[in-house]
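In what follows, a structure is listed as structure tokens, so that the remarks can point back to it.
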Amino acid sequence: MHVLITGGAGFIGSHLADALLRRGDSVSVLDNLSTGSAENIQGLQGHPCFSFAQAGLDDVSVLDELAGRADAIVHLAAAVGVHLVLEKPTQTIETNVLGTHALLAAARRSGCQTLIASTSEVYGKSESLPFSENDDLVLGPPNRTRWVYAATKLLDEFLALAAHQEFGLPLTIMRLFNIVGPRQTGRFGMVLPRLVRQALRGQPLTVYGDGLQTRCFCHVADVVQAIVGLLGRTTASGQIYNIGSNQEVTIRELAEQIVDRADSASPIHYLPYGQAYAAGFEDLRKRVPDISKIADEIGWKPTHLLAKILDDMIDFERERLT
Ligand code: UDP
């Protein structure tokens, strides 16, 4: 199978490329290297079944050529990270909405299976836990910039489902929940790489608010298995799936476990939200996915427990620091 991965030089995309090549598939990566990094795919350059195009989704001729050769597309290219979204809302909207619009147009011309990455952010502030794919979505108002990301990804979902419904595009939406692991950058705000790096550098761990908000962290290797399981799966067409872990942890416990497992002497500092983020931010207290739908479809469930996730990230970051 020949798979086109948009955003393939990013954290999740590069792990997916590794896995697909390992199982004998061919992979084309399209990435403009805005948040992805050439380093992530360095080891793949020269592989006979791998190609890389440094281009944006607005480059129609490159996109059409790559989509035309693919048996499947995995669309991961997007503006990522809370900080980036708060600082550059216009760029976020353009990248996510116009990018996905262009991708879907190319996918329609090629007719190949398309997996679209969406996000747990679309559930917004819903308090109906665990979040299930048919739930109502509860977003905040547009003057709170945090919701830009959710709104753009939700529009992507609508665009994608419309392409499926009106033009028969075989297409599946994946709502990803706090995916973590080696190669993830902390530059744009993601908590786990940031806290791990702080612990290894002996700096205070910055926990925002009271630290009692919870998240469920899923190892990127598990997510890759879910994506691979959805490839070629015709019964998943027109469907939305949550992909994530349902092992809930408070950010406070997370920080304590990181200090412990990294053997760090760093203290934990609690930072009021007003100091942590630009105005317009509101945090979510809890986020837990219902993952029964994808389990029923492909028998997938996450296999990495939090302790293993933390050890992997600590090892990776330790090596990077030396
Ligand atoms: N967070 C934190 N310290 C940081 C970065 C994030 O305490 O240095 C908190 C953040 O406020 C949120 C949680 O960790 O409650 C997860 O944040 P992240 O940006 O990783 O993901 P998301 O908010 O999208 O779940």
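All values below come from the heavy atoms of this structure, side chains included, with hydrogens, waters and symmetry mates left out. All values reported here derive from a predicted model rather than from experimental measurement. In each ligand, atom 1 is the first atom listed, and ligand 1 is the first ligand listed.
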Discussion item. Ring-plane angle category for Tyr273 and Tyr208, please: parallel below 30°, perpendicular beyond 60°, tilted otherwise.
Written reply: perpendicular
Worksheet item: Heavy atom of Arg146 under 4.0 Å from ligand 1?
Response: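 It does; at least one heavy atom falls under 4.0 Å.
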Between [X] and ligand 1, does any nitrogen or oxygen pair lie at a separation below 3.5 Å?
X	answer
Met190	no
Tyr208	yes
Gln198	no

In ligand 1, which numbered atoms sit nearer than 4.0 Å to a non-hydrogen atom of [X]?
X	answer
Glu121	24 (O)
Val207	7 (O)
Arg215	12 (C), 15 (O), 16 (C), 22 (P), 23 (O), 25 (O)
Arg194	4 (C), 5 (C), 8 (O)
Ile251	7 (O), 13 (C), 14 (O)
Tyr277	6 (C), 10 (C), 11 (O)
Arg287	22 (P), 24 (O), 25 (O)

Worksheet entry | Which segment of Asp283 sits under 4.0 Å of ligand 1 when only heavy atoms are counted |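 Asp283 to ligand 1: side-chain contact only, backbone stays beyond 4.0 Å.
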Discussion item. Checking contacts here: is it the side chain or the backbone of Leu271 that comes within 4.0 Å of ligand 1, counting heavy atoms only? Could be both or neither.
Written reply: neither
Worksheet entry | hydrophobic_cluster_shared for Ile41 and Leu30, side chain cutoff 4.5 Å | no
Item to complete: Check the hydrophobic clustering (I, L, V, M, F, W, Y; side-chain heavy atoms under 4.5 Å; chains of links allowed) and say if Leu63 and Leu66 are grouped together.
Response: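 Both belong to a single hydrophobic cluster.
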Practice prompt. Tell me whether the guanidinium CZ or amine NZ of Arg108 lies under 6.0 angstrom from the six-membered ring centre of Phe167 and within 45° of its axis.
Written response: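 Yes, cation above the ring, under 6.0 Å and within 45°.
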Discussion item. Name the residue from Cys216, Cys218, Ser245, Ser132 that meets the side chain to side chain contact (heavy atoms under 4.5 Å, CB included) definition with Pro289.
Written reply: Cys216
Discussion item. Applying the side chain to side chain contact (heavy atoms under 4.5 Å, CB included) criterion to Arg175, which one of Ile294, Val122, Ile243 satisfies it?
Written reply: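 Looking at Ile294, Val122, Ile243, the match for Arg175 under the side chain to side chain contact (heavy atoms under 4.5 Å, CB included) is Val122.
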Discussion item. For Asn242 and Glu133: C-alpha separation, side-chain torsions, deciding distance, then whether side chain to side chain contact (heavy atoms under 4.5 Å, CB included) applies.
Written reply: CA-CA 7 Å; Asn242 287 340; Glu133 291 85 348; 3.5 Å; yes
